[in-house]
Protein chains: 2
Amino acid sequence: MENVTIRMLAEKLQLSTATISKALNNSHEISEETRKRVQDLAKELNYVPNPYASSLRKKSSKTIAVVIPEIADSFFAEAINGIEAVAQEKGYHVLIYLTHESSEKEQAILKDFQSGRVDGVLISVTMETANSEHSLSQLSKELPLVFFDRVCEEVATAKITTNDSEAAYIATKHLIEVGCRNIGLLAASEQLTIMRERIKGFYRALTEYQLPVTNNSVTYFTREANQLLSDTLRLGKFDGVIATTEKLATNVYEAAETLKLQLPKDLKVIGFSNLSTARFLYPSLTTVYQPAFEMGKAAATLLFKALKNSHVTLTQQSMEIPSQLFIRNSTLQQ
Amino acid sequence: MENVTIRMLAEKLQLSTATISKALNNSHEISEETRKRVQDLAKELNYVPNPYASSLRKKSSKTIAVVIPEIADSFFAEAINGIEAVAQEKGYHVLIYLTHESSEKEQAILKDFQSGRVDGVLISVTMETANSEHSLSQLSKELPLVFFDRVCEEVATAKITTNDSEAAYIATKHLIEVGCRNIGLLAASEQLTIMRERIKGFYRALTEYQLPVTNNSVTYFTREANQLLSDTLRLGKFDGVIATTEKLATNVYEAAETLKLQLPKDLKVIGFSNLSTARFLYPSLTTVYQPAFEMGKAAATLLFKALKNSHVTLTQQSMEIPSQLFIRNSTLQQ
DNA sequence: ATGAAAGCGCTAACAA
DNA sequence: TTGTTAGCGCTTTCAT
């Protein structure tokens, strides 16, 4: 069967396409009677509106984009869950784009958004965030854009984050309190704001306890961290580490195995992670649990708010949702 | 600045929009010279084609849909990685839809695809798969459709699966060989083909070892499995279980904790799971590792093949990619 | 309350 | 090789 169009409905009912369109969209300038006639026929013929015709005409697509570095990471997966929940409720469609930490890919993706393909964008930037600053600033002028987690400070728009500095401060303090004196912060990028925040919190705790920065330091890992991490742990003589990404946390377990370090005896670990298996690891992992679902939900909610009412100034709508420290055996005092 | 259109380019260059269009699409019926002139100006003015105008006209959107039950599950997350890798390479966009195991939501999503919003669909169905059979059969006649993992047998199209029956057979055999005599298969739905396959393999192993079906049985869990699972493990007197979903695997660890069962001494566990943390669990988890990334990639590759050449009959393109048993301590012989 | 008509931006016959 | 023209299916003034 041919695809049913608004024109076919119009012919069958001896009405104009304009009337059909209005009737289908529940316009109040249509009589109740014809409205019903139209909608009944539409249902009968299984009419499905062509979204592209509508998008072309209305210049809005009921579609948003989610741009993230990686999807096989429980933080991002949960965040998408939050985003999707809101989108589904609002009848929006969700396009997913993965950057795999490549700012080049990120740029290409952002460029495409100038086409009007999406009505709004939710993004958690690449580690090489600095490269995308300009594109993002530009884009945020054309479309509602909301950052979540990995933000770009310089871009004037809403940012949904967690209390990274405070969370790192609390994590560091916890390590100190269970006896660590040589703590390493395993970080992922010097450029990411959230990393800088965590580092701030880390140093604040060190300062507060008057621990020397010579023994307590930040190490950066980009892609394949395994070898480097083993080296760091071997040479670094750390008695405690904070892994600021989920991947790094498991890398620590791997490295510990390789180096035959006993956790938590030889080395205590805290991971920034939403791993559902954290409590079943050996040893169970003390985590900074980030409210991923809520962050996704908040970001999406805010985006839709801006989409609905263009007078919402996203710049003033940033929001911080606190993380929570779950203390487990990987930081058990010996 | 106004959005740059093909018409603006045409005016600036004193050419027709048709010529511009052809030049931008590298048509061979355009002289090298004008092609360059057009493309140069396009770049200069930062022209970005309107995808919706093009989609409306061409009746193709360079967009595919991925429909899955859940995203916070390492199998599906990895599968998406595979899909996205292929899609990005081919210049396609990926719409994500989550059903959260609701066949009602699934139906609504599938219905929308009749609009021509997407050129093709990759799907892993809900546990209540039976409900969607009809819609899927219908849809597969209008669009290229490829199942991955959770298939609908009755629908005549390509299916990318793993060797579920064989994998379950091997897993069961392994449990028997390490001494289990009362094995429980923890299943998720009676309707899912992959579950039925796994059950087949399970029974095959039991038969081969002449173990009575009275002691070795299949239990179904739908949503919130925790309480039910605790009951099952307490009453079932199992000495070994196979958790056929990732969630169920962690549920077993939870229940074991609650019931103070020691793994693997009191109960041995195998999980169908792609958890990257499997080796670091306590005890490390013996897993049936499913080739999620490859399955996603294969499904997407096949879909694009069908999209490119409409004579590819998907029905004959099904594919099975083997899983692998990783033996770890959760099935250690005592 | 309904309809005529224009047009969103692009592509593809067909002509020239 | 380039241009003319006619839409894709829908929404939206503006008339009636």
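Sequence lines set the chain letters: A, B, ... in the order given, protein chains first and strands last, and positions in each chain run from 1.
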Shortest non-hydrogen contact from B:Ser140 to B:Leu145? CB-CD2, 3.7 Å
Can a donor-acceptor pair be found between the side chains of A:Ser135 and A:Ser132 at a distance below 3.5 Å? no
Without decimals, in angstroms, what is the distance between A:Glu11 CD and D:dC10 P? 13 Å
Could you measure the distance from the CD atom of A:Glu128 to the CD atom of A:Glu104? Nearest 0.5 Å is fine. 9.0 Å
Write out all pairs satisfying salt bridge (Lys or Arg N to Asp or Glu O under 4.0 Å) with one or both partners inside residues 33-52 of chain A, taking only residues at least two apart or from two chains. A:Glu32-A:Arg35, A:Lys36-A:Asp40
Here the ring-ring contact (aromatic ring centres under 6.0 Å, His included) pairs for residues 50-85 of chain B, sequence neighbours left out, are A:Tyr52-B:Tyr52
Residues B:Asn131 and B:Gln107: side-chain donor-acceptor under 3.5 angstrom: no
Qualifying side-chain hydrogen bond (donor to acceptor under 3.5 Å, both in side chains) pairs, either residue in residues 65-77 of chain A, two or more places apart: A:Glu70-B:Asn81, A:Ser74-A:Glu246
Which residues pass the side-chain hydrogen bond (donor to acceptor under 3.5 Å, both in side chains) test with B:Ser16, sequence neighbours left out? B:Thr19
Pull out every residue in residues 30-44 of chain A that has a heavy atom closer than 4.0 Å to any atom of DNA chain D, ordered by number, or say none. none
Do A:Ser115 and B:Asn50 have a side chain donor and acceptor closer than 3.5 Å? no
Give a yes-or-no answer on whether the side chains of B:Glu106 and B:Thr126 include a donor-acceptor pair shorter than 3.5 Å. yes
For A:Tyr97, all residues meeting ring pair (Phe, Tyr, Trp, His ring centres under 6.0 Å), sequence neighbours excluded: A:Phe113, B:His93
Just to verify, what does A:Tyr47 make a ring pair (Phe, Tyr, Trp, His ring centres under 6.0 Å) with, not counting sequence neighbours? none
To the nearest Å, give me how far apart CG (A:Leu24) and C1' (D:dC10) are. 11 Å
Specify the separation, in whole Å, of atom NZ of A:Lys62 and atom P of D:dT11. 12 Å
So the contacted stretch of DNA chain C, first to last nucleotide with an atom under 4.0 Å from a non-hydrogen atom of chain A, runs from C:dA1 to C:dG9
Going by distance alone, is a donor N or O of one side chain under 3.5 Å from an acceptor N or O of the other, for B:Thr99 and B:Ser102? no
Given axes from five pairs at either end, by how many degrees does the helix from C:dA1-D:dT16 to C:dA16-D:dT1 bend, rounded to 10°? 30°
For nucleotides 7-9 of chain D, list the nitrogen or oxygen atoms of the protein found under 3.5 Å from its nitrogen or oxygen atoms, one pair per line.
from	atom 1	to	atom 2	distance (Å)
D:dG7	N2	B:Arg57	NH1	3.1
D:dC8	O3'	B:Lys59	NZ	3.0
D:dG9	OP1	B:Lys59	NZ	2.7
D:dG9	N2	A:Ala53	O	3.2

Nearest heavy-atom contact between A:Glu84 and B:Ile96 is OE2-O, 4.3 Å
Nucleic acid contacts - residues 13-21 of chain B versus DNA chain D, non-hydrogen atoms under 4.0 Å: B:Gln14, B:Leu15, B:Ser16, B:Ala18, B:Thr19
Residues two or more places apart in sequence or in another chain: which of them pass ring pair (Phe, Tyr, Trp, His ring centres under 6.0 Å) with B:Phe147? none
